[in-house]
Amino acid sequence: MSAKPNGVFNGVTRVVDISIIVCMAAVACGLPVLHGAESVSEPAWRALPLITDGKVNSSWTHVGWGGFVVDGGALRTECDPRGLGLLVYRKERFGNCQIRVVFKSKEAKSNSGVYVRIADGILEQAREPGAAFERDAAGKPSKESGQKMQVSAAREEGPWFAVHRGYEVQIADVGDPFHRTGAIYSLAPSSAVSKKEPGEWKTMIITLGGNQILVELDGQRITTFDPRSPDLPPQKQWYEPKREPKRPEAGYIGLQNHDPGDVVWFKEVSVRRLPSAVAK
């Protein structure tokens, strides 16, 4: 037969009994007993300002060619045939933290990226866009301008500074695992592609913890990267990042604009300190 609680006293007695049992179990297991009503709350997200008075917020500085424009409450890539560019958040550098990016692409092939751990010196590149492509009517760069761009990239000029002294979390739903959405571009593969169609908003969470970078796409872990791994693939193309410069654990972040036709929108970039479960 079960006895029903009778009034407040019985309810309190039940709570006290349960508390005693919990404490006894904790002592038996060698666990610390917390006193009082202390609770652990997870860190809140802090949105970085993207738009102010209908314009790109002044906390961001553009490096290289092209730019970003305000479109429907989001930032949209405004690409330039002369080459790629990067919108850098100049107000602070970010160390161990999580970065949440909400974005959508016009097409599956739309190319962009989120840069993290960019070294000091990127802001000075705002005055040095680097070499420019010259293209024919079909949009193909001339051989001569392509050679100049390779030299500029090797010198780490303009946005190429971030390519070689930061890490790009790729946005592009086509390509091999090392060059598709969520991959650490050419360094660590993405294990899955999004099930969402182009034009749908997607959420990417980038975790920076020590040397590691973890990437989640719409709640699914798809990438784990550690630059200390002995299995890093070698650089295969001139436009891929150099392997040797050590990136800082605390660096700038940026949003990339790529070639003409690569249209991507960003409606949120937020940061927070590492949640307790991740920090451990």
Side-chain angles (χ1 to χ4, degrees), residues 41-52 56-64 68 74-75 77 84-103 112-126 156 158-171 181-185 187-188 190 202-217 219 221-228 241-242 245-257 264-280:
S41 60
E42 294 296 2
W45 289 100
R46 170 170 62 94
L48 302 184
L50 296 179
I51 303 169
T52 301
V56 178
N57 184 273
S58 61
S59 298
W60 299 81
T61 295
H62 194 265
V63 176
F68 283 74
L75 297 185
T77 57
L84 57 83
L86 189 69
L87 189 66
V88 180
Y89 189 72
R90 63 183 178 85
K91 288 293 186 179
E92 59 186 299
R93 294 172 295 173
F94 299 94
N96 292 340
C97 69
Q98 288 188 313
I99 303 166
R100 183 172 67 193
V101 180
V102 181
F103 67 97
S112 182
V114 179
Y115 280 75
V116 298
R117 290 182 168 164
I118 307 173
D120 288 350
I122 184 60
L123 299 181
E124 285 73 13
Q125 297 296 321
E156 303 175 0
W160 295 101
F161 181 94
V163 171
H164 300 304
R165 298 196 176 269
Y167 294 118
E168 179 189 359
V169 183
Q170 172 76 341
I171 292 176
T181 299
I184 309 302
Y185 188 77
L187 287 164
S190 163
K202 303 169 187 176
T203 300
M204 187 157 59
I205 295 180
I206 305 165
T207 300
L208 307 179
N211 286 288
Q212 284 194 326
I213 301 177
L214 311 176
V215 182
E216 296 177 19
L217 182 63
R221 171 77 61 78
I222 59 172
T223 307
T224 300
F225 170 64
D226 191 328
R228 300 168 299 180
K242 299 174 183 176
K246 179 176 174 56
R247 279 65 166 178
E249 287 192 14
Y252 293 95
I253 65 175
L255 308 175
Q256 184 194 67
N257 57 278
V264 178
W265 292 262
F266 296 89
K267 75 171 181 178
E268 180 191 335
V269 179
S270 297
V271 297
R272 70 174 179 180
R273 62 180 175 84
L274 292 180
S276 56
V278 177
K280 291 179 182 178

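- Taking Y167 as the reference, F225 meet the ring-ring contact (aromatic ring centres under 6.0 Å, His included) condition, with sequence neighbours excluded.
- Within the 4.5 Å cutoff, side-chain heavy atoms of V269 are placed close to those of I253.
- In this structure, R247 and P241 have side chains that are in contact, with non-hydrogen atoms separated by less than 4.5 Å.
- In this structure, CG on L255 lies 7.5 Å from CG on L86, to the nearest 0.5 angstrom.
- Of the inter-residue distances, the one linking R46 atom CZ with R100 atom CZ reads 12.5 Å to the nearest 0.5 angstrom.
- Summarising the geometry, atom CG belonging to L208 is positioned 9.0 Å from atom CD belonging to Q98; distances are rounded to the nearest 0.5 Å.
- Between E268 atom CD and L48 atom CG the span is 9.0 Å, to the nearest 0.5 Å.
- Residues N96 and R273 are not in side-chain contact: their nearest non-hydrogen atoms beyond the backbone lie 4.5 Å or more apart.
- Partners of Y185 by ring-ring contact (aromatic ring centres under 6.0 Å, His included), not counting sequence neighbours, listed by chain and number: H179.
- Here the side chains of I213 and T207 are not in contact, with every heavy-atom distance at 4.5 Å or above.
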Throw together a table of side-chain donor-acceptor distances under 3.5 angstrom for residues 115-124, partners on residues two or more places apart or in other chains.
{"unit_1": "Y115", "atom_1": "OH", "unit_2": "E168", "atom_2": "OE1", "d": "3.2"}
{"unit_1": "Y115", "atom_1": "OH", "unit_2": "Q256", "atom_2": "NE2", "d": "3.1"}
{"unit_1": "R117", "atom_1": "NH1", "unit_2": "G210", "atom_2": "O", "d": "3.3"}
{"unit_1": "R117", "atom_1": "NH1", "unit_2": "N211", "atom_2": "O", "d": "3.2"}
{"unit_1": "R117", "atom_1": "NH2", "unit_2": "G210", "atom_2": "O", "d": "2.4"}
{"unit_1": "D120", "atom_1": "OD1", "unit_2": "R93", "atom_2": "NH1", "d": "3.2"}
{"unit_1": "D120", "atom_1": "OD2", "unit_2": "R93", "atom_2": "NH1", "d": "3.1"}

Apply the test side-chain contact (heavy atoms from CB on, under 4.5 Å) to residues N57 and L50: give CA-CA distance (whole Å), side-chain angles for both, the deciding distance (0.1 Å), then the verdict. CA-CA 5 Å; N57 184 273; L50 296 179; 5.8 Å; no
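- Panel note: side chain T223, backbone G182; a donor-acceptor pair is recorded below 3.5 Å.
- Scanning both residues, G251 and P248, for their nearest heavy atoms gives CA-CG, 4.3 Å.
- Contact between S190 and A183 at its shortest, heavy atoms only, is CB-N, 3.7 Å.
- Side-chain atoms of V169 and I184, non-hydrogen and from C-beta on, do get closer than 4.5 Å to each other.
- Legend: residues meeting ring-ring contact (aromatic ring centres under 6.0 Å, His included) with Y89, ordered by chain and number and at least two apart, are W60.
- For K202, the salt bridge (Lys or Arg N to Asp or Glu O under 4.0 Å) partners two or more places apart in sequence, or in a different chain, are D173.
- The CZ atom of R90 lies 6.0 Å from the OG atom of S59; values are rounded to the nearest 0.5 Å.
- The salt bridge (Lys or Arg N to Asp or Glu O under 4.0 Å) test applied to E156 returns R165, K242, not counting sequence neighbours.
- The side-chain heavy atoms of L87 and N257, taken from C-beta on, include no pair separated by under 4.5 Å.
- When side chains are defined from C-beta on, Q125 does not count as touching V88, because their heavy atoms never get closer than 4.5 Å.
- Between T181 and F103 the shortest side-chain heavy-atom distance falls below 4.5 Å.
- Heavy-atom minimum distance, P245 versus H164: CG-O, 3.7 Å.
- The two atoms that bring R221 and T224 nearest to each other are NH1-OG1, 3.8 Å, heavy atoms only.
- Residues G158 and V63 approach most closely at C-CG1, 3.6 Å, considering heavy atoms.
- When all heavy atoms are compared, the tightest approach of F266 to V101 is CD2-CG1, 3.6 Å.
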